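Everything below concerns the one structure shown next.
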2 protein chains.
Amino acid sequence: MEETGRTTHTLAALMELRKRILNGDFPGGTRLFEVALAETLQISRTPIREAMSRLAEEGLLDRLANGGFVVRSFTFADVLDAIELRGVLEGTAVRLAAERGAPADALQEVQDVLAQLDACFGSAPRDVDFEAYSDLNAQFHTLLTALSGSAVLQREIERATRLPFASPSAFLSGRTNIDVFRQSLQVAQEQHRALVAAISSREGTRAEFIAREHARIARRNLEYVILENPDLIEQVPGLALLNS
Amino acid sequence: MEETGRTTHTLAALMELRKRILNGDFPGGTRLFEVALAETLQISRTPIREAMSRLAEEGLLDRLANGGFVVRSFTFADVLDAIELRGVLEGTAVRLAAERGAPADALQEVQDVLAQLDACFGSAPRDVDFEAYSDLNAQFHTLLTALSGSAVLQREIERATRLPFASPSAFLSGRTNIDVFRQSLQVAQEQHRALVAAISSREGTRAEFIAREHARIARRNLEYVILENPDLIEQVPGLALLNS
DNA sequence: TTGACGTCGAATGTATACACTCCTCGTGTA
DNA sequence: TACACGAGGAGTGTATACATTCGACGTCAA
């Protein structure tokens with residue numbers, strides 16, 4: 001993230017507002033007022049404006065026609081669509097990587113992360129180091145998109161992936177104990193391997209297909225988990241902003 | 001566009017800066033300073049900041065780590081990638097439209113625009129009403145993406161389409177007299193028809209394929225036109241910001 | 001010569017006062 | 001009752017002064 005640098009009021013407000021939005025303190029459609037937030041956070045309107053502007057960039061806020069911001073409304077269908085979108089974009093990235101030919105050293109780097117991911121799995125099917133897996137998985141996907149050689153695509157993927165819940169594993173893995181979810185990680189890892197293999201052998205179409213399936217499984221898992229445990233929406237910070 | 005409303009200094013600065021950037025007044029990599037621009041435009045720093053913030057949203061400016069903005073660098077390869085990306089996204093939209101089944105009235109609306117597009121073509125191969133075609137074409141693509149039924153996807157498509165030159169016909173058609181370009185419009189219109197037909201008959205895979213081919217032709221045309229007429233980069237406003 | 005250190009300045013961060021706009025609500029009149 | 005009009009207030013737009021930060025540059029000493 002970029003907000004590890006200097007601590008300014010703008011960054012503090014940005015993080016605080018993002019936290020509150022994802023936490024569900026402001027339901028979708030809520031209008032945010034500069035003056036009110038300035039009082040709440042004990043700072044002036046200026047950094048509040050700046051922070052809201054950046055949250056609009058991130059897609060968490062919408063600008064109103066005549067000034068002001070409202071919290072963006074996300075439905076459950078939106079979340080599923082975001083995952084599908086991510087699959088399409090990553091699919092394009094790996095297709096391009098295969099078609100254009102990824103540099104050997106970059107490919108090796110991906111292989112290394114892949115091996116590290118393997119190390120997260122223990123002997124039992126449900127024995128997985130979630131914490132490590134999450135981080136490595138994010139790293140894996142980042143390196144993968146970089147293989148495409150398209151700065152434009154990479155940038156848009158980063159954007160789309162930041163949409164709430166575009167990567168369900170990132171926020172579900174550490175917080176739930178649902179078996180179906182744990183076991184799906186084994187499947188995911190299989191796909192990771194197949195993906196890298198397809199890129200290496202320059203099979204663009206196949207790589208794209210696998211990436212899409214990969215996202216589709218993530219999508220289906222989230223769908224399943226939520227439908228089986230509707231109370232998760234209240235429990236998991238970040239899911240609380242859902243409208244429906 | 002949204003900037004037809006009330007005329008504020010922020011909007012004035014936004015439009016002026018965007019114009020200058022696209023015009024090539026600020027080459028990619030140029031850092032923009034608040035004070036300097038405030039003096040130039042005879043307004044205070046506040047609306048300048050606001051305008052730059054929005055230009056960062058649009059993807060024309062990049063934020064620097066410790067504050068400030070630089071003009072984003074676009075290479076010719078970036079432009080081609082942006083077109084490819086647009087093809088992928090629109091492809092996804094029409095696939096979803098076909099798979100999920102688009103509402104009949106919305107589909108009819110698309111058919112209407114399709115017919116209007118037909119009316120832009122005269123009897124001779126090169127006899128095309130560019131002005132009308134451009135507007136209708138943009139409208140056609142907008143309606144098409146709306147058929148997907150995915151608000152998230154539609155939003156990201158609008159974003160990606162706003163990237164400079166993601167829709168080459170929009171800025172080339174009215175300004176050039178290149179024959180190959182004129183005739184390609186006939187091909188494009190063929191694809192439009194096939195696209196709508198595929199959606200109507202619920203052939204998602206086929207619809208997606210056509211949309212991608214559609215963008216690929218746009219890409220190839222732009223590539224061809226620019227390589228044959230490198231001086232266009234200087235002549236056409238908006239192309240001037242290219243770095244290489 | 002090179003490196004550490006301190007000063008200065010340029011540029012952004014922040015606070016705040018004031019201006020403007022739009023919406024709401026009440027009042028008046030037909 | 002219905003509608004036009006106008007005042008008031010809520011909220012954002014804008015200007016500006018001041019604070020803060022970071023980097024450039026020069027100085028000094030090893």
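Every chain is numbered from 1, with letters handed out A, B, ... down the list of sequences. Bear in mind that the values here come from a model prediction, so they are computed numbers and not experimental data.
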Which pairs, protein N/O on one side and nucleotides 19-21 of chain C N/O on the other, fall under 3.5 Å?
none

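Spacing between atom CZ of A:Arg49 and atom C1' of C:dG13 amounts to 15 Å, rounded to whole angstrom units. The interatomic distance linking A:Arg54 (CZ) with C:dG13 (C1') rounds to 11 Å, in whole Å. Distance CE (B:Met52) to C1' (C:dG13): 13 Å, rounded to an integer number of Å. One can place CG of B:Leu64 at 11 Å from C1' of C:dT12, the figure rounded to the nearest angstrom. Straight-line distance from the CD1 atom of B:Ile43 to the C1' atom of C:dC18: 17 Å, rounded to whole Å. If you measure from atom CD of B:Glu39 to atom P of C:dA10, you get 12 Å, rounded to the nearest angstrom.
Counting non-hydrogen atoms under 4.0 angstrom, B:Thr8 reaches the backbone sugars and phosphates but no base. No engagement by B:Arg63 is indicated, since no non-hydrogen atom pair under 4.0 Å with the nucleic acid exists. B:Ile48 comes within contact range of no nucleotide atom at all, as no heavy-atom separation falls under 4.0 Å.
Here the NE2-CD distance, from A:His141 to A:Glu90, works out to 5.5 Å after rounding to the nearest 0.5 Å. Here the OG atom belonging to A:Ser150 is positioned 11.5 Å from the CZ atom belonging to A:Arg155, to the nearest 0.5 angstrom.
For B:Asn137 (side chain) and B:Ser134 (main-chain N/O), no donor-acceptor pair under 3.5 Å exists by modelled atom type. With hydrogens and angles disregarded, no donor-acceptor distance shorter than 3.5 Å links the side chain of B:Arg219 to the backbone of B:Glu84. No donor-acceptor pair under 3.5 Å is formed between the side chain of B:Arg54 and the backbone N or O of B:Leu11. Judged purely by atom type and a 3.5 angstrom limit, A:Thr142 uses its side chain to pair as donor or acceptor with the backbone of A:Ala138.
Taking all atoms of both residues into account, the shortest heavy-atom contact from A:Ala211 to A:Gly91 is CB-CA, 3.5 Å.
Applying the salt bridge (Lys or Arg N to Asp or Glu O under 4.0 Å) rule to A:Glu16 yields the partners A:Lys19, A:Arg20; only residues at least two apart in sequence or on another chain are considered.
Heavy atoms from other residues, nucleotides or ligands lying under 6.0 Å from CD of A:Gln111 number more than 12.
Along DNA chain C, the nucleotide closest to B:Glu34 and the one closest to A:Pro47 are compared, and the more 5′ of them pairs with B:Glu34. Residue-to-nucleotide proximity on DNA chain D shows that, of B:Glu50 and B:Arg45, the 5′-proximal contact is made by B:Glu50.
Using a 4.0 Å cutoff to heavy atoms of chain B, the contacted part of DNA chain D runs 5' to 3' from D:dG13 to D:dC22.
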